[in-house]
> 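For reference, the structure I am asking about is given below.
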Protein chains: 2
Amino acid sequence: MKIEDEIRQKPFKDAYSKAVVNLLYTHSYLVTEQSKIFKPHDLSPEQYNVLRILRGQHPEPITVSSIQDRMLNKMSNASRLVEKLKIKKMVERKECAVDRRQVDITITGKGLEILEQLEEEVNKFNKSILNLTKSEVEQLNDLLDKLRG
Amino acid sequence: MKIEDEIRQKPFKDAYSKAVVNLLYTHSYLVTEQSKIFKPHDLSPEQYNVLRILRGQHPEPITVSSIQDRMLNKMSNASRLVEKLKIKKMVERKECAVDRRQVDITITGKGLEILEQLEEEVNKFNKSILNLTKSEVEQLNDLLDKLRG
DNA sequence: TCTATTTCAATGTATATACAATTAATGTAT
DNA sequence: ATACATTAATTGTATATACATTGAAATAGA
């Protein structure tokens with residue numbers, strides 16, 4: 001449905017203004033649906049993302065600031081997310097030997113298991129949540145990659 | 001830049017998985033930039049959105065639940081956002097005469113003034129933040145409108 | 001070496017999102 | 001008319017985002 005109708009708004013000033021609102025609205029739609037997958041596993045979308053970053057390095061550790069760098073939201077707070085995951089025993093934290101300011105984070109067996117369980121489900125979700133053909137999705141990716149300048 | 005490079009990640013499983021991440025990442029980019037406009041006016045992007053909804057009805061009032069319906073994020077909390085705006089004297093709250101459960105919200109002169117001041121700036125921002133041609137932006141809007149099914 | 005600056009992680013505070021629970025008012029059914 | 005269900009708004013609690021500050025450790029420069 002056209003976004004003007006969904007949020008019952010007057011026509012937008014121009015396509016650019018519409019696109020900004022459209023991106024915000026689509027994001028909300030996406031995250032709301034996505035949360036339903038992660039919730040039964042006691043994970044938020046952001047915590048899931050941190051686990052994926054850690055798996056990408058496994059079995060090597062990665063520092064908190066490197067996690068931050070790779071997070072989808074640069075303004076988020078890797079330190080606190082790691083703490084939440086540690087409480088759930090999905091990650092381990094170890095003082096870095098060469099630089100004691102840094103903290104080495106590693107995903108645990110439990111963390112890897114949960115990612116494994118979610119893998120199939122997430123792939124299915126990603127395909128089904130976007131009501132677009134393959135070529136449309138590719139177009140969308142190109143536009144988003146270009147959009148950010 | 002391609003998102004794989006920006007977040008230093010391995011290639012995605014498929015275009016759909018990439019698009020989901022791409023939308024989350026682009027949203028974060030957008031909101032971070034957008035906040036810089038609203039901050040000097042002591043508004044968050046969400047509060048700005050509520051003010052726009054109220055202006056759309058002005059001078060008629062609108063109930064809290066109608067605001068909620070039209071918000072970009074359906075899971076947000078119109079009641080609390082209205083309270084914040086009331087403290088700043090940008091909106092007024094009045095018990096609804098015909099149904100005392102409802103609360104009529106109206107934008108104040110001060111609220112309208114601030115929207116007025118922001119108008120030009122927001123239009124310029126929306127145009128400059130999206131590094132796309134007019135026809136690309138239109139394409140993007142079509143894809144997003146279709147995406148949500 | 002000693003001082004100043006920078007870096008890394010953690011912490012504090014405000015706002016917003018997500019979702020459950022509560023309370024008052026209204027509507028409905030018998 | 002009374003009991004029951006529904007609706008509207010508020011409130012509570014947990015998580016996350018946004019941004020500033022702190023404190024410890026490392027680095028650079030005089």
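Throughout, a chain's letter reflects where its sequence line sits, starting with A, and its residues are numbered from 1.
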> Output yes when a side-chain donor or acceptor of Tyr16(A) lies under 3.5 Å from a complementary backbone atom of Ser128(B), and no otherwise.
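It does not hold such a pair.
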
> Can you tell me if Gln57(A) and Arg70(A) form a side-chain donor-acceptor pair at under 3.5 Å?
yes

> Taking the side chain as every heavy atom from C-beta outward, state whether Glu33(A) and Phe125(A) have any pair of such atoms under 4.5 Å apart.
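Yes, at least one pair of side-chain atoms sits under 4.5 Å.
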
> Evaluate the side-chain proximity of Pro61(A) to Thr106(A): yes if any heavy-atom separation is below 4.5 Å, no if none is.
yes

> Is any side-chain heavy atom of Arg148(B) closer than 4.5 Å to one of Asn22(A)?
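Yes. Closest side-chain heavy atoms under 4.5 Å.
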
> Using the salt bridge (charged side-chain N to carboxylate O under 4.0 Å, His left out) definition, which of the options Lys13(B), Lys10(B), Lys18(B) pairs with Glu4(B)?
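Looking at Lys13(B), Lys10(B), Lys18(B), the match for Glu4(B) under the salt bridge (charged side-chain N to carboxylate O under 4.0 Å, His left out) is Lys18(B).
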
> With a 4.5 Å cut-off on side-chain heavy atoms, are Val50(B) and Gln47(B) touching?
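Sidechains of Val50(B) and Gln47(B): no contact.
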
> For nucleotides 14-22 of chain D, read 5' to 3', which letter fits each nucleotide if B means a protein heavy atom sits under 4.0 Å from the base, S means only the sugar-phosphate is that close, and - means neither?
-SSSBB---

> Output the residues of residues 91-108 of chain B in contact with DNA chain D, where contact means a heavy atom of the residue under 4.0 Å from an atom of the strand; sort by number or write none.
Arg93(B), Arg101(B), Gln102(B), Val103(B)

> Just the rounded figure in Å: distance from P of dA18(C) to CG of Leu72(B).
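So the two atoms are 12 Å apart, to the nearest Å.
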
> Nearest whole angstrom, please: distance from the C1' of dA10(C) to the CD of Gln68(A).
12 Å

> Let's test this: given Watson-Crick or G-U wobble pairing with both distances under 3.5 Å, identify the partner of dG29(D).
dC2(C)

> State whether Ser79(B) places a side-chain N or O below 4.0 Å from either non-bridging phosphate oxygen (OP1 or OP2) of dA9(D).
no

> Side chains of Leu43(B) and Leu51(B), heavy atoms from C-beta outward: is any pair under 4.5 Å?
yes

